Amino acid sequence: MRMTRLATKTQREAPADAEAESHQLLVRAGYIRRLASGVYSFLPLGLKVLAKLNQIVREELDSAGAQEVMLSALHPVELWEQTGRIETMSDVLMRVEAKGGSFVLGPTHEEAVIATIAPDLESYRDLPVTVYQIQTKFRDEARPRFGLMRTREFVMADGYSFDASAEGMKASYQQMYEAYLRIFDRLQLPYVPVEADSGAIGGDVNHEFMVPSPIGEDYFAHCESCGYAANIEAARRGPQREAEIGEVEPMSVVSTPETSSIQELVRFFRSRGENFEENNFLKSIACKDAADEITIILIPGDREARIPKGLAPLANSDFDSFSFLFKGYIGPMQMQEQGVKVVADFSVLESQSWITGANLDGHHVINAQPDRDFIVDELGSFVVVQNGDPCPSCGSDLKLIRSVEAGHTFQLGLAYSSKIPGATFKAENGLDEKFWMGCYGIGMSRLPAVLAEHFHDSSGLMWPASVAPFQVEILTISPGKFPEVVAYCDSIYRQLLELKVEVLYDDRDIAPGVKFADADLLGIPKIVTIGQRGLSAGMVEVKDRLSGERIEVEANLLVEHLRANGVQ
RNA sequence: CGGGGAGUGGCGCAGCGUGGUAGCGCACCUGCUUUGGGAGCAGGGGGUCGGGGGUUCAAGUCCCCCCUCCCCGACCA
């Protein structure tokens, strides 16, 4: 590509709406342009990067036995009514009313893939099958962020596996999981596969592929000592070091009117000259399960609860049904007598005594001691983990790492196939059975941002060769003045093109400084500077953008040199 | 959805307090000069000042309503 023919230009200054460095550089260098909030067009350079990424995904998923398809982006609304996600995902669904009826712009394709593929999967003999697509998705995000990071329209590579059994699903999952490892290896980004919470998509075992990054919107807990890694929503903490048991004064009831929150309690005691911190209070969270059985979860007052699946905190209206529970004044004492189970976070045993609800409106108890004053039926991890919490597998300190969710793999089980009629196959015994499914996603259009965030310096982008829009840039010095330089550069350009090398030729007759600055901004891995000065001595300069290393190369050996140094 | 900030040529910004010819840098066009790290001189083109309403002889500037964008939070297959 000749730069004089390139459809885009660089900009010296980034638009004011670009905050993240990756966003600023991608816009300045002419890779992307914003059309609306959270809506970006890919310009020629940006599209080349995206195409490179897509190709890596294709190669690895194909080699894992997955088959590429393209499902429609427009889904009939009836499909979404079958699974109920027309309601549960209404926040992000974009609707389209058209002549043919009502449609949804697909934010994800579980429904569509079943409707498309299931008709051909009639028998267990047809299974397993894994398909994938690289498709544009639409989500009506409440708040798009950081350029390509979170957008309303984005490209995702999403795969779906169909199996006849749970074991089959696990095997398919494992194949895709390993393909994901190979994909992220090839992207040359640091990444960590973490245990994750499956969120609204449902399902069981799943992993997120997290790339540590300042533009990340997620955190994962990581243990440097044993390698434990889990998304913040799924992370567990381990038991704390032994707490020493000492003498604690007898528990007593105090009147604490109008103190249904920890903050109000802290203020209440402070106003009486007694200074307690939030972590002196024991938060008792009453939850119920599907059978209306009550479980009380105990956590320190300064921690955020992580409510296990299957339990939900009582709604205000629920309190009417349980007269022994006073909202804001719940404590664990004697709860077993009411048929209530008491579970506590490990950290609850780290303190000798607590201030907690007295199970009496407007009252709390002080000096409530575990084992002496209340019984904990079960210990576990019920808090959102923080820096310094003990690792659940080895006890070392956990660290929270800000990161981008770049990929996510799920074992869906029967979650979707059980909701869609026709998501069945004939089993060996001749009966209809439901598909065991997995789904797998990579946020393709956010990857250029993640890469740019990782691979840049103060002058601009620095793409790894595997994803760079071009492998080599030829930079001519003052072509308008030195015809012999132009002749040489044209010849090199032609040779490289014939060798199918992706080459960008900066043939513009402008000040050299501008060309150097643009070359650094664009971030092509190899920059060949060719000027009259060097050429008259038979030399050209080759700069490696990533390492910054510059070497002089004999002009008549340039092509061979490039080929010998990884330029394909 | 809550809080904060901002909308003036393609991009970055000034002008608004105290109403009176719309300005600067980058980019763009023409010419000459220049040519190994964001060139110089001269000339030139391009803006319903986010939109609507109002006040006024006169509104980019004052008042009201709306829209859009960014940041923090809530939310987030």
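In what follows, every heavy atom counts, from backbone to side chain, and hydrogens, waters and symmetry copies are set aside. All of these numbers come straight from a predicted model, not from anything done at the bench. Throughout, protein chains are lettered first and strands after them, A, B, ... in sequence-line order, and every chain is numbered starting at 1.
Among residue pairs with one or both ends in residues 2-23 of chain A, those qualifying as ring-ring contact (aromatic ring centres under 6.0 Å, His included) are A:His23-A:Tyr40; sequence neighbours excluded.
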Taking distance alone, no hydrogens or angles, what donor-acceptor pairs closer than 3.5 Å link side-chain atoms of residues 469-485 of chain A to residues at least two apart or in another chain?
from	atom 1	to	atom 2	distance (Å)
A:Gln471	NE2	A:Ala465	O	3.0
A:Thr476	OG1	A:Asp506	O	3.2
A:Thr476	OG1	A:Lys515	NZ	2.9

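Between A:Leu475 atom CG and B:G38 atom P the separation is 13 Å, expressed in whole Å. The distance between atom CE of A:Met94 and atom P of B:A77, rounded to the nearest whole Å, is 15 Å. In this structure, A:Met89 atom CE and B:C75 atom C1' are separated by 13 Å, rounded to whole Å. Atom CZ of A:Arg85 is separated from atom P of B:C76 by 14 Å (rounded to the nearest Å). Counting to the nearest Å, the C1' atom of B:C75 and the CG atom of A:Leu93 are 15 Å from each other.
When the C1' atom is used for both B:U21 and B:A58, the distance is 13 Å, rounded to whole Å. Taking atom P in both B:C49 and B:A42, one finds a spacing of 31 Å when rounded to whole Å. The same atom, C1', is picked in B:G52 and in B:G12; the two are 29 Å apart, to the nearest Å. B:C57 sits 47 Å from B:C41 when the P atoms are compared, rounded to a whole Å. Spacing of P atoms, B:U8 relative to B:G47, comes out at 15 Å, to the nearest Å. Comparing B:G51 with B:C11, their P atoms are spaced 15 Å from each other, to the whole Å. Only the C1' atoms considered, B:A59 is 6 Å distant from B:G19, to the nearest whole Å. Distance check on atom P: B:U56 versus B:U68 gives 31 Å, rounded to whole Å.
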For nucleotides 31-35 of chain B, which of its nitrogen or oxygen atoms have a protein nitrogen or oxygen under 3.5 Å away, and what is each distance?
from	atom 1	to	atom 2	distance (Å)
B:U35	O2'	A:Ser478	OG	2.3
B:U35	O2	A:Ser478	OG	3.0

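Counting non-hydrogen atoms under 4.0 angstrom, A:Arg143 reaches a base of the nucleic acid. Counting any heavy atom pair closer than 4.0 Å across all strands shown, A:Glu141 reaches no nucleic acid atom.
Using a 4.0 Å cut-off between a side-chain N of Lys or Arg and a carboxylate O of Asp or Glu, A:Arg545 and A:Asp457 qualify as a salt bridge. Between A:Arg446 and A:Glu405 there is no salt bridge, since no side-chain N of the basic residue sits under 4.0 Å from a carboxylate O of the acidic one. Note on A:Asp318 versus A:Lys327: no salt bridge recorded, every NZ/NE/NH1/NH2 to OD/OE distance being 4.0 Å or above.
In a base pair of the Watson-Crick type (N1 to N3 plus N6-O4 or O6-N4) or a G-U wobble (N1-O2 and O6-N3), with each distance short of 3.5 Å, B:C1 is matched with B:G73. Remark: B:C24 base-pairs with B:G12. Criterion, Watson-Crick or G-U wobble with two distances under 3.5 Å.
Screening A:Met176, A:Glu68, A:Arg182 against A:Leu61 for a side-chain contact (heavy atoms from CB on, under 4.5 Å) leaves a single residue, A:Met176.
Between B:G73 and A:Arg145, a contact under 4.0 Å exists linking OP1 or OP2 to a side-chain N or O.
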Revision key, fill the gap. Protein heavy-atom contacts under 4.0 Å, written 5' to 3' over nucleotides 3-8 of chain B as B (base), S (sugar-phosphate only) or - (none), form the string ------

Exercise for review: Step by step, work out the side chain to side chain contact (heavy atoms under 4.5 Å, CB included) result for A:Ile401 and A:Val192.
Suggested key: CA-CA 10 Å; A:Ile401 298 178; A:Val192 183; over 6 Å; no

Exercise for review: In sequence, state the C-alpha distance, the side-chain angles, and the governing distance for A:His109 and A:Gln133, and then conclude on side-chain hydrogen bond (donor to acceptor under 3.5 Å, both in side chains).
Suggested key: CA-CA 10 Å; A:His109 285 232; A:Gln133 63 170 344; 3.0 Å; yes

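For the residue pair A:Cys439 and A:Glu110, the shortest heavy atom distance occurs at SG-OE2, 3.5 Å.
Aromatic rings of A:Tyr173 and A:Tyr180 (six-membered ring for Trp) have centroids beyond the 6.0 Å cut-off, not under it.
Within residues 3-28 of chain A, the residues approached by RNA chain B to less than 4.0 Å at the level of any non-hydrogen atom are A:Lys9, A:Gln11, A:Arg12, A:Glu13, A:Ala14, A:Pro15, A:Ala16, A:Asp17, A:Arg28, in residue-number order. Within residues 451-460 of chain A, no residue is approached by RNA chain B to less than 4.0 Å at the level of any non-hydrogen atom.
The CZ atom of A:Phe162 lies 11.0 Å from the OG atom of A:Ser172; values are rounded to the nearest 0.5 Å.
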